[in-house]
Amino acid sequence: MSFPVANRVLSRCLAALLAAGLASAVHAQVTVDGAWARATVPNQSATGAFMRLTAQKDVVLTGASSPVAGIVEVHEMWLDRGIMRMRAADRVTLKAGQTIELKSGGLHIMMMDLKQQIKAGDLVPLTLSFKAADGTLSTVETNATAGFAPPPR
C-alpha cells in the first residue's frame, strides 16, 4: 500500500528540518556579545545599536533589520577636519577569529524611522545578515537591551 501524499509531506518536513539544522550551523559563524541600543526620548526618530561581533570564519556583515524601525543600516562614523561624518557601510568584513566592536562614534547599527519609543530596559530585536566567502547567506538573531549607556563588561 502506498501513501504518495503522506510521503511528500514527510519529505518536505524532513527537508525543512535539515534546512533548519544547516541554518543553525551557519548561525554559529558569528557570535554577538554585549548588544545594547541607545534608549530614546518621545518622538525621537532614530537611534543606534552597538555590540561586539566575533567571527568563527571569514564573513561579511551585509545588513541588519529590526521590527522597531522602518530603516536599519550598518553605519560608519569618522572625524573629518573636526566634523563628525556618518554614512551607510555596505559591508563590514570580519576575519576568522576577529572581534569587531560596533560602538558609538564608529561602526554601528543605525535604526531610523522608529515605530515606537525605545525605553531603557526594552529588548530591541535585531537580525544581522552575513555572507560567507563561499557565498552562503546567514542571519543571526539577537536582542539589544536599551539603555542610555553601554552595559558594564
Side-chain angles (χ1 to χ4, degrees), residues 9 11-79 84-153:
V9 170
S11 294
R12 288 181 181 153
C13 288
L14 287 172
L17 287 172
L18 284 171
L22 291 175
S24 294
V26 171
H27 284 238
Q29 293 177 9
V30 177
T31 55
V32 177
D33 182 48
W36 72 284
R38 192 169 312 279
T40 63
V41 297
N43 300 316
Q44 185 174 332
S45 64
T47 192
F50 316 96
M51 65 206 69
R52 288 176 299 283
L53 303 174
T54 304
Q56 280 68 55
K57 65 185 240 182
D58 292 356
V59 295
V60 175
L61 172 62
T62 58
S65 63
S66 176
V68 304
I71 301 167
V72 181
E73 298 175 341
V74 179
H75 274 201
E76 59 184 333
M77 292 181 76
W78 70 99
L79 193 59
M84 194 59 110
R85 307 271 185 196
M86 180 171 59
R87 69 175 170 214
D90 292 333
R91 43 191 294 122
V92 176
T93 302
L94 288 92
K95 297 291 183 188
Q98 178 184 20
T99 298
I100 290 182
E101 186 166 6
L102 304 184
K103 60 185 178 180
S104 185
L107 287 170
H108 61 280
I109 304 297
M110 192 72 198
M111 295 181 287
M112 299 167 283
D113 191 19
L114 293 175
K115 298 176 182 178
Q116 64 197 47
Q117 180 181 359
I118 298 174
K119 298 177 183 170
D122 286 353
L123 291 180
V124 178
L126 290 165
T127 301
L128 306 175
S129 302
F130 296 91
K131 185 174 183 179
D134 65 4
T136 305
L137 301 176
S138 64
T139 58
V140 173
E141 306 285 333
T142 192
N143 286 307
T145 304
F148 291 103
R153 285 192 179 192

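For reference, positions follow the sequence shown, starting with 1. All values reported here derive from a predicted model rather than from experimental measurement. All heavy atoms count here, side chains included; hydrogens, waters and symmetry mates do not.
Listed by first and then second residue, the ring-ring contact (aromatic ring centres under 6.0 Å, His included) pairs involving residues 130-153 amount to none (not counting sequence neighbours). Sorted by first then second residue, the salt bridge (charged side-chain N to carboxylate O under 4.0 Å, His left out) pairs that include residues 126-137, not counting sequence neighbours, number zero. Within the structure, every pair that satisfies the side chain to side chain donor-acceptor pair (under 3.5 Å) test and touches residues 66-76, not counting sequence neighbours, is listed here: E73-H75, E76-R87. Applying the salt bridge (charged side-chain N to carboxylate O under 4.0 Å, His left out) test to residues at least two apart or on different chains, the pairs with a partner in residues 46-63 are D33-R52. Each ring-ring contact (aromatic ring centres under 6.0 Å, His included) pair with one or both residues in residues 37-64, not counting sequence neighbours, appears once here: W36-F50. Here side chain to side chain donor-acceptor pair (under 3.5 Å) pairs that include residues 99-118, with residues two or more places apart or in two chains, are R38-S104, T54-T99, E101-R153.
The shortest side-chain heavy-atom distance between I109 and M51 falls under the 4.5 Å cut-off. Between V140 and T127, every side-chain heavy-atom pair lies at or beyond the 4.5 Å cut-off. Residues L128 and V30 have side chains not in contact (no heavy-atom distance under 4.5 Å, counting atoms from C-beta outward).
Distance check: L123 CG to I118 CD1 gives 11.0 Å after rounding to the nearest 0.5 Å. The line from CG of L61 to CZ of R91 is 10.0 Å long, rounded to the nearest 0.5 Å.
Among all heavy-atom pairs drawn from A69 and V72, the shortest one is CB-CG2, 3.8 Å. Of all heavy-atom pairs between A35 and N143, the closest is CB-O, 3.8 Å. Contact record, A37 with A144: N-CB, 3.8 Å, taken as the closest heavy-atom pair. Residues G34 and P151 share a closest heavy-atom pair of O-CG, 4.4 Å. Nearest heavy-atom pair, A49 versus L126, reported as atom, atom and distance to 0.1 Å: CB-CD1, 3.8 Å.
L53 pairs with exactly one of L94, T142, V92, T31 by the side chain to side chain contact (heavy atoms under 4.5 Å, CB included) rule, that one being L94.
No donor-acceptor pair closer than 3.5 Å links the side chain of S129 to the backbone N or O of T62.
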